[in-house]
Amino acid sequence: MSIQKPMLPKGVRDFDHQAILYRSYLIKQCTTVFQKYGFLPLETPAVECLALLQQKYGEEGDQLLFKILNSGDFLSKTSKGDWLNTDHKKLLPQIAEKGLRYDLTLPLARYVATHHHQLTFPFKRYQIQPVWRADRPQKGRYREFYQCDMDIVGTKSLLCEVEILLIIIHTFESLGIQDFKIQLNHRKILTTLVKIIEHADKEVFFCATIDKIDKIGMDNVCKILSNNHFSTTDIQVLKNLFQYTGTHTDQLDYCQQYFIENQQDIRPIQDLQKILQHLEMINPRYSAYIAIDYTLARGLSYYTGPIMEVVLTGEQGGSLGGGGRYDHLTENFGLKDTSGIGFSFGIERILHVMEARKLLPKATQQGTQVLVINDGLKAYPIILSLMDFLSHHAVAVEIYLEAVRLKKQLNYAHKKNIPYVIMLHDQSPLFFVLKEMKNGQQTVYTKEDLLHFLCAKI
RNA sequence: GUGAUUGUAGCUCAGUUGGUUAGAGCGCUGGUUUGUGGCACCAGAGGUCGCGGGUUCGAAUCCCGUCUUUCACCCCA
């Protein structure tokens, strides 16, 4: 047998104590805010039924799903013909019936659909768990990563949108991030736009294209549209709308005027108006965070109402979170008309930003406070009972695990940033020598005095 | 899934047009200091050059495959 370098599968990571501390700090800040607004946690299994996952994400999503091979002799349950068949999709359901969750929305939908009779609606939950995607890893993108979702399910009230926006603002402020904007749009505004310019069938394409404006620029987007049978006049109208600046009211009025001229439903615009009015009512400072952005599309997902995305002002590099309202969350599971709104905080990107800005706590004082020098077997009765005494009084204490040279033991304390070292007194077993690593100072104490000193210091 | 890119000591990296025994810094171990850490000096250990095949008298170096890394696209957090 040859020795093989142990390695991790593509796109997954180990997290050391510092990384975990960073993440738990972030999660703590988030959940504190969520709970203040009445959200409670939910956890669901890593594994879901493959059939459900596939139903939700369709063809393109399929290649991003991690599938779990059935246990035992999965071969015996398949027919030879299916193996010879070039279409792997026929064989797959026979050899794999489970998969790893791809996001936290499907688990939510499944949970709501199966437990709706026990839930009190509107149902508010947050969920912070890893998800898995068989994507090719890339900068800041992994095959296993945390998602942090919060949703309100079961009401169409626009107060949800207001509440979500407040939570976003409070969360980012509590993290020490203030230079962000919440881009706001309404999915039905986009639907109406393509309808007016008579390209209603191209809504998905249209959304996917204008979503790229940030990345490839307005001119390139216009070129793509024009190559796809959008007329020059229409493109100009869109451009005017997208680039229209002014107060929120100005922007909304401009769009509303255009809709009225074309005899279109203006309720989506009024929705945004109301949301902003409410926010303004609570505190004008809050509405200042909002930026109406008619180019925001949020991919080709299931959103049907207001949509939002958080970006840093003046910095490129992806959003820190996004979400919006959806009307058909549980429809595939036989539960119709469950409107809801969800928002997902981009944990990984937020951590990245916070690390770059040094907004995260360092783990310096997390570990052992006191190292007890190991003087060998004969000293164990004294040393071990001292350790027991100290640790029962909540002092983080450890003994060097081998009776080696003092130099080595002190060096261990030094490298692990342990601030105090205790050595036996060479005259009396009733006294101990406490050494402060930062200045080398040594003082003789009794057991009780040691505790007093340490408790006062730590 | 498409197109590029990377891989040499525990870590970060040198290594000439293919040429004897593959180097440095940091880290590690030991010593100067035989019970007192950081600093300094001295010494030492540690590599089948990602893996497999090919070209060649000869390959870390050139070619092919494969895995891995990073990046762009698709899509997305």
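So you know, we letter chains A, B, ... as the sequences are listed, proteins then strands, and number each from 1.
Pairing analysis of RNA chain B (Watson-Crick: purine N1 to pyrimidine N3 plus N6-O4 or O6-N4; G-U wobble: N1-O2 and O6-N3; both under 3.5 Å) yields stems of 3 or more pairs at B:1-4 with B:70-73, B:10-13 with B:23-26, B:28-32 with B:40-44, B:50-54 with B:62-66.
Y302(A) and D327(A) share no donor-acceptor pair across their side chains, judged by distance under 3.5 Å alone.
E309(A) has its CD atom 11 Å from the P atom of C76(B), to the nearest Å. Computed from coordinates, the L26(A) CG to A77(B) P distance equals 17 Å when rounded to whole Å.
Ring orientation note: the planes of F172(A) and F180(A) are tilted relative to one another, at an angle of 30° to 60°. In this pair, F345(A) and F34(A) present their aromatic rings tilted. The plane angle is within the 30 to 60° band. The aromatic rings of Y420(A) and F453(A) sit perpendicular, their planes meeting at an angle over 60°, well past the 30° parallel limit.
Checking the phosphate oxygens (OP1, OP2) of C73(B), a side-chain nitrogen or oxygen of K215(A) falls inside 4.0 Å.
Applying the side chain to side chain donor-acceptor pair (under 3.5 Å) definition to pairs two or more places apart or across chains, those involving residues 28-41 of chain A are Q35(A)-Y126(A), Y37(A)-H170(A).
Going from the P atom of G30(B) to that of U21(B) covers 33 Å, rounded to whole Å. A60(B) and G7(B) have their P atoms separated by 15 Å, given to the nearest Å.
Nucleotides of RNA chain B nearest to D211(A) and V12(A) differ in position, and the one nearer the 5' end is that of V12(A).
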Report, as a single string ordered 5' to 3', how protein heavy atoms within less than 4.0 Å touch nucleotides 35-40 of chain B: B base, S sugar-phosphate only, - not at all. BBBB--
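A side chain to side chain donor-acceptor pair (under 3.5 Å) with Q127(A) is found for exactly one of T105(A), T44(A), D149(A), D151(A), namely T44(A).
D211(A) pairs by the side-chain hydrogen bond (donor to acceptor under 3.5 Å, both in side chains) definition with nothing, not counting sequence neighbours. Partners of H328(A) according to the side-chain hydrogen bond (donor to acceptor under 3.5 Å, both in side chains) rule, which considers only residues two or more places apart in sequence or in another chain, are E331(A).
L106(A) places none of its side-chain heavy atoms less than 4.5 Å from the side chain of R101(A).
Using a 4.0 Å cut-off on heavy atoms, the residues of residues 131-140 of chain A that approach RNA chain B are R133(A), D135(A), R136(A), Q138(A), K139(A), G140(A), listed by number.
Among the atoms of the strands shown, base atoms are found under 4.0 Å from some heavy atom of Y142(A).
Atom CD of E97(A) sits about 10.5 Å away from atom CD1 of I68(A), to the nearest 0.5 Å.
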